[in-house]
Amino acid sequence: MNNFQFYSPTRFIFGRGEENNVGQYVLQHGGKKVLVLHYGTGMDFENTLMDRVFASLRQAGVEWVDFTGIKPNPTAQRAEEGAEIVRREGIDFLLPVGGGSVIDTAKYIAVAALYQGDVWEDFYLKKTPVPAALPVGAINTLPGTGSEGSMSSVVTKGVLKRSLNDDKIRPVFALMNPELSFTLPPFQTASGAVDIMAHVHERYFTRGEDNYLTDNLGEAVFRTVIKYLPIALKEPDNYNARAQLLWASVLAHNDSCGVGRVVDGVVHGIQSEIGGMYDSAHGAGVACITPAWMKYVYKEDPRRFVRYFNQVWGLEADPYDPESMILAGIQRQKDFYRSVGIPVHYSELGVKKEDIPTLASTVRRGPDGLAGNFKKLSTEDIINIYALCE
């Protein structure tokens, strides 16, 4: 196990009806005037949820400004508009209500409201440490991104989708009521669950020996998604299934599964280019890329994949033919994605074959000019991975 630092200051408040207490939690964390971010879809579920949120803020004596129009694959432009409102209105606290897109937008605003320079250039592209950020509290309605407890914010500008990673933007609290995910469409439920798995994949498939504890923790998260996602799809108002997925989302991305390991985020990196160019669903993108990446890199450390497919998917380990077992496991994972309505071919995401060289060339790389850690990937390697998910 490598040296590490672990910092997870978010206060998680889990259970039925906790959104009705949000005003008190905002007060406890110093908020007096709040920017409330949400999608603004006009749907009955969102309207009734926001009525409860506003009633709680009113009862606590907290002022607020309503900020809507957040879209999937949120944009830096909309976040900058929010930052201007924060500065103009003297807002001191941000409260996103929704999924990762809303929470990530709030994190961008939290930095931009206190910064005089170019937030996109300095923090999302150059990765400069953030000097300061306004506090963010979240009400999460969509398990998947784990943004309610993570140090990450992913935002799009033009066709580039990039991330900011800094502990200063971790939410100070996260209200998590599984009932708020009952009305999610099946595709969004499945996409979020696949993203949970992808967050653990990038921590699980790493080099190094004897990560027994985090191996087991990651495998538990995988098995939880595999067991409870089909139940949540079949029984949308199954509280326990939704609760299991909601907490798995937190563990997958607050780095509980990653301590002592070198994270490999290349699958997310490849998906970011797809999401930026085609505005496609994030979870669907990582589901498409993951099996292809596995097939391309498994020979770097077959033992890791043997363990994964044995402990997570229940395939019998064959010491005489581990390769057949691994390939069968990859196919089983693809079949699972299909069974929950998630695409596994890049054409289903809208990707055009002629765009692949461009998509591959812009994937984020390390100082050595290569992407990934489990296997260092060149542009040609990434193009080859695309060929495996046609």
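The figures here come from the full heavy-atom set of this structure, side chains too, leaving out hydrogens, waters and symmetry mates.
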- Message: As a quick check of understanding, evaluate side chain to side chain donor-acceptor pair (under 3.5 Å) for Asn254 and Ser150, giving each step before the final call.
- Response: CA-CA 5 Å; Asn254 75 343; Ser150 80; over 6 Å; no

Assess whether a salt bridge exists between [X] and [Y], defined as any Lys/Arg side-chain N lying under 4.0 Å from an Asp/Glu carboxylate O.
| X | Y | value |
| --- | --- | --- |
| Asp264 | Lys375 | no |
| Asp167 | Arg170 | yes |
| Asp215 | Arg304 | yes |
| Arg162 | Glu273 | yes |
| Asp301 | Arg207 | no |
| Asp335 | Arg338 | yes |

Any sub-3.5 Å donor-acceptor pair from [X]'s side-chain atoms to [Y]'s backbone N or O?
| X | Y | result |
| --- | --- | --- |
| Asp195 | Ser191 | no |
| Ser181 | Pro178 | yes |
| Glu18 | Asn177 | no |
| Arg365 | Val363 | yes |
| Arg11 | Val172 | no |
| Lys334 | Val344 | no |
| Gln331 | Ala328 | no |
| Glu202 | His268 | no |
| Arg242 | Asp237 | no |
| Thr75 | Lys157 | no |

- salt bridge (charged side-chain N to carboxylate O under 4.0 Å, His left out) between Glu89 and Lys33: does it pass, once the steps are laid out? CA-CA 9 Å; Glu89 296 286 340; Lys33 190 171 184 179; 3.2 Å; yes

Ring centers of [X], [Y] separated by less than 6.0 Å:
| X | Y | result |
| --- | --- | --- |
| Phe205 | Tyr308 | yes |
| Phe123 | Tyr108 | no |
| Phe93 | His29 | no |
| Trp313 | Phe222 | no |
| Trp247 | Phe12 | yes |

Give, for atom [atom1] of [X] and atom [atom2] of [Y], the distance between the pair rounded to the nearest 0.5 Å.
| X | Y | atom1 | atom2 | answer |
| --- | --- | --- | --- | --- |
| Thr141 | Leu184 | OG1 | CG | 6.0 Å |
| Met325 | Asp318 | CE | CG | 8.5 Å |
| Phe6 | Ser256 | CZ | OG | 4.0 Å |
| Leu94 | Leu134 | CG | CG | 5.5 Å |
| Tyr346 | Tyr386 | OH | OH | 9.0 Å |
| Met43 | Asn47 | CE | CG | 9.5 Å |

Treat each ILVMFWY residue as a node, draw an edge where side-chain heavy atoms are under 4.5 Å apart, and state whether [X] and [Y] are in one component.
| X | Y | answer |
| --- | --- | --- |
| Ile274 | Tyr124 | no |
| Val267 | Phe336 | yes |
| Trp293 | Tyr298 | yes |
| Val34 | Phe67 | no |
| Val250 | Leu229 | yes |

Please report the shortest heavy-atom distance between [X] and [Y], naming the atom on each side.
| X | Y | result |
| --- | --- | --- |
| Asn21 | Ser56 | C-OG, 3.5 Å |
| Leu180 | Asn140 | CD1-O, 4.3 Å |
| Ser249 | Thr145 | OG-N, 4.1 Å |
| Ile330 | Pro291 | CG2-O, 3.7 Å |
| Gly17 | Glu179 | N-OE1, 4.3 Å |
| Ala113 | Val86 | CB-CG1, 3.6 Å |

Quick one about [Y] and [X] (side-chain donor to acceptor, distance below 3.5 Å, no hydrogens or angles considered), yes or no?
| X | Y | value |
| --- | --- | --- |
| Thr290 | Tyr337 | no |
| Thr105 | Arg78 | no |
| Asp321 | Ser324 | yes |
| Thr224 | Gln244 | no |
| Lys107 | Ser147 | yes |
| Tyr115 | Asp122 | yes |
| Tyr278 | Asp355 | yes |

Side-chain touch [X]/[Y], heavy atoms, less than 4.5 angstrom:
| X | Y | result |
| --- | --- | --- |
| Val263 | Asn373 | no |
| Val111 | Ile109 | no |
| Cys389 | Cys288 | yes |
| Leu349 | Pro343 | yes |

Counting neighbours of [atom1] on [X] that are heavy atoms of other residues, nucleotides or ligands and sit closer than 6.0 Å, is the number greater than 12?
| X | atom1 | answer |
| --- | --- | --- |
| Lys71 | NZ | no |
| Gln5 | CD | no |
| Gln77 | CD | no |

- Query: Is the NZ or CZ atom of Arg332 both under 6.0 Å from the centre of the six-membered ring of Phe309 and within 45° of that ring's axis?
  - Reply: no

- Item | side chain to side chain contact (heavy atoms under 4.5 Å, CB included) assessment of Leu377 paired with Asn384 | CA-CA 10 Å; Leu377 302 174; Asn384 291 337; over 6 Å; no

- Message: Checking Arg203 against Asp255 for the salt bridge (charged side-chain N to carboxylate O under 4.0 Å, His left out) test, could you report, in this order, the C-alpha distance in whole Å, the side-chain angles of both residues, the deciding distance, and whether it holds?
- Response: CA-CA 8 Å; Arg203 294 166 169 87; Asp255 218 30; 2.9 Å; yes

- Query: Can you say whether the rings of Phe374 and Phe305 are parallel (under 30°), tilted (30 to 60°) or perpendicular (over 60°)?
  - Reply: perpendicular

- Would Arg52 and Leu49 count as a side chain to side chain contact (heavy atoms under 4.5 Å, CB included) if you check the C-alpha gap in whole Å, the side-chain angles of each, and the deciding distance to 0.1 Å? CA-CA 5 Å; Arg52 297 198 301 275; Leu49 170 58; 3.6 Å; yes

